[in-house]
Number of protein chains: 2
Amino acid sequence: MKADTEKLKSLRDDFIGQWGAMGSQWGISRTMAQIHALLMTSTRPLSTDEVMDELAISRGNAHTNLKELVAWGLVRIVVRKGERREFFEAEKDVWQIFITVARERKRREIEPALSVLRRCADGSEDMTSEEGRAFFEQMRQLEEFVELTSKMSDRIASMKHGFAVQMAAKLLG
Amino acid sequence: MKADTEKLKSLRDDFIGQWGAMGSQWGISRTMAQIHALLMTSTRPLSTDEVMDELAISRGNAHTNLKELVAWGLVRIVVRKGERREFFEAEKDVWQIFITVARERKRREIEPALSVLRRCADGSEDMTSEEGRAFFEQMRQLEEFVELTSKMSDRIASMKHGFAVQMAAKLLG
DNA sequence: CACTGGTTTCAGTATTTACTGAAAATTCGG
DNA sequence: CCGAATTTTCAGTAAATACTGAAACCAGTG
C-alpha cells in the first residue's frame, strides 16, 4: 500500500519534530533528541550519513550528537562485518530508556545539587541568629528531600519492569 | 557575631548561584531560579528593587521573572497595608514546592508529549507493513508508559507529605 | 607507504534565548 | 483630574548555545 508508506513517513517526521522540541525544553539539544527519535523508530541501525540526510544536518552535528547519545547509553554502535563504517541503533525498551535517563540525570543534576545543599547546611549548622537558623533549616529540608528522591530513584531503577508496573498499578488502584 | 553575618551572606550567594546554574540545566531561566533561591532563603518578603539590587539585574528582568514565578505558583505577592508597592514571598515547604513543580512540568511537558504519541499511535494503528507495525508498537509503548507516569505523578501529588514519606520509607526499607 | 573511506575536531557563524533600559501604562492619594 | 509612585511592556542588544563545513586525523588495503 503506497499511501501507508507516505503516511508513515509523515507521522514519523511529526514524532521526530515534536520529540526534538520536547528535548530542548528539558536541557537536551534539539538535534540529539531528534536523532534519538529517528533511531527509536528505525527498524535497522543507521549510518552517520543516513542520519545526516534524514534530518538535513551537517556531519559534525550528526557525529557529535550520536556520540553524546552513546555516552548517555541510549544508543549503541553496531559494526557489520565487511563494513568499515559504524552504524547506530537505539535502545527501544521503554523501561530501559527510562532507567538510563534517570541514572544520567541523577548523576548530572541531583548529585551536584546535593553537594551544594550539604555544603550550605553544614556551613550554617551552628549559627545562632534568626536568619542563620532559618537558612540552615531550609537547606536541611531541601537536602533531606533531594536525598530521599535520589534513593527512591535508585530503588525504582533497580526493579524489574514488571515489578515496577505492578507496584504502580497497586498504587493507582 | 559579625563573622556569621558575613559567612551567611556568602553561603547564601553560593546557594543562589548554584541553584541558578541548576535551573538552566532544567529548562528554567537562570534568573528565575536565582530569584527563587533568593526568596526561599529570605526571612521576609522582598520588593522588586531589593531583588534587583541583590542579584544585580535590571528592573525588566526582575519583573518578568517574578511574575513567571507567581504564574508557576512558587511565589506569592504580598501587599503591606499603607505600602503601595508589591512584595514577593516564596513558598518554603519542600513538599509543596515539589508538588507545584511536578504539576507545572506535567502540564507543560507531559501533556503535549502524550498528545503527539497518541496522534502517532492512532495514525499508524492499522498499518500492515513491518515498518508500520514496528512504529505503532513503539508509539503505543511510549504512550502507555508516559500515561502511567502521569497518573503516578497525580497520585503522589495528592498525598499528604507525611504519607508520601512513610510510603517512601517502606519502599526503601 | 600512499590511497580510500571513514571519523573526529574545531574555528567561525548562525540561531536562540535572555537581559537591559527607557518609555508607556496604570494606580492611587490629594 | 493632576502628578507621583509603581508596574508593565518591548525594541534593541548581549550572551549563550548549537551547527556548519572543511581540514586533520586514523585505520585498513592494495
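Values below: all heavy atoms of this structure, side chains included; hydrogens, waters and symmetry mates excluded. Given the structure is predicted, the values throughout are model-derived calculations rather than measurements. Chain letters run A, B, ... following the sequence lines, proteins first and then strands; every chain starts at 1.
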| request: Return each pair, listed once, that meets side chain to side chain donor-acceptor pair (under 3.5 Å) where at least one residue sits in residues 155-173 of chain A; pairs must be two or more places apart or across chains. | output: none

| remark: Under a 4.0 Å heavy-atom cutoff, the residues of residues 41-50 of chain B touching DNA chain C are none

| message | Please enumerate all residues that pass salt bridge (Lys or Arg N to Asp or Glu O under 4.0 Å) together with A/Asp93, with sequence neighbours excluded. | response | none

| request: Just jot down the salt bridge (Lys or Arg N to Asp or Glu O under 4.0 Å) partners of A/Glu91, sequence neighbours excluded, or say none. | output: A/Arg76

| Looking at residues at least two apart in the chain, or sitting in another chain, which of them share a salt bridge (Lys or Arg N to Asp or Glu O under 4.0 Å) with A/Glu68? | A/Arg108

| field | Note: B/Arg107-B/Glu104 ion pair, threshold 4.0 Å (strictly below) | value | yes

| request: If you link ILVMFWY side chains whenever their heavy atoms are less than 4.5 Å apart, which other residues fall into the same cluster as B/Val78? By chain and number, please. | output: B/Phe87

| query | B/Arg85 CZ to C/dT26 C1': how many Å, rounded? | reply | 18 Å

| field | Stepwise salt bridge (charged side-chain N to carboxylate O under 4.0 Å, His left out) check, A/Arg133 with A/Glu130 | value | CA-CA 5 Å; A/Arg133 295 311 301 159; A/Glu130 188 207 345; over 6 Å; no

Between the protein and nucleotides 13-20 of chain D, list the N/O to N/O atom pairs that are separated by less than 3.5 angstrom.
residue : atom : partner : partner atom : Å
D/dC19  : OP1  : A/Thr31 : OG1          : 2.3
D/dC19  : OP2  : A/Thr31 : OG1          : 3.2
D/dC19  : OP2  : A/Asn61 : OD1          : 3.4
D/dT20  : OP2  : A/Ser58 : N            : 2.7
D/dT20  : OP2  : A/Ser58 : OG           : 2.9
D/dT20  : OP2  : A/Asn61 : ND2          : 3.1

| query | For the pair made of CD1 in B/Ile35 and P in C/dC19, what is the distance, rounded to whole Å? | reply | 9 Å

| said: Distance check needed: C/dG29 P versus B/Glu83 CD, whole Å only. | reply: 13 Å

| Whole angstrom value for the distance that separates C1' of C/dT27 from CD of B/Glu86 | 11 Å

| field | Residues in ring-ring contact (aromatic ring centres under 6.0 Å, His included) contact with B/Phe136, at least two apart in sequence or another chain | value | none

| field | C/dT7 phosphate, OP1 or OP2, under 4.0 Å from A/His63 side-chain N/O | value | no

| Mind checking what makes ring-ring contact (aromatic ring centres under 6.0 Å, His included) contact with A/Phe145, not counting sequence neighbours? | B/Phe98

For residues 12-22 of chain B, run the donor-acceptor check on the side chains, cut-off 3.5 Å, and write out each pair with its distance to 0.1 Å, sequence neighbours left out.
residue : atom : partner  : partner atom : Å
B/Arg12 : NE   : B/Thr41  : O            : 3.3
B/Arg12 : NE   : B/Thr41  : OG1          : 2.9
B/Arg12 : NH2  : B/Leu38  : O            : 3.0
B/Arg12 : NH2  : B/Thr41  : O            : 3.4
B/Asp14 : OD1  : A/Arg119 : NH1          : 3.3
B/Asp14 : OD2  : A/Arg119 : NH1          : 2.2

Using a cut-off of under 3.5 Å, enumerate the N/O to N/O pairs linking the protein to nucleotides 27-30 of chain D.
residue : atom : partner : partner atom : Å
D/dA27  : N3   : A/Arg84 : NH2          : 3.1

| note | Taken in chain and number order and not counting sequence neighbours, the residues that satisfy salt bridge (Lys or Arg N to Asp or Glu O under 4.0 Å) with A/Arg85 are A/Glu83

| field | Spacing of B/Lys67 atom NZ relative to D/dT6 atom C1', expressed in whole Å | value | 11 Å

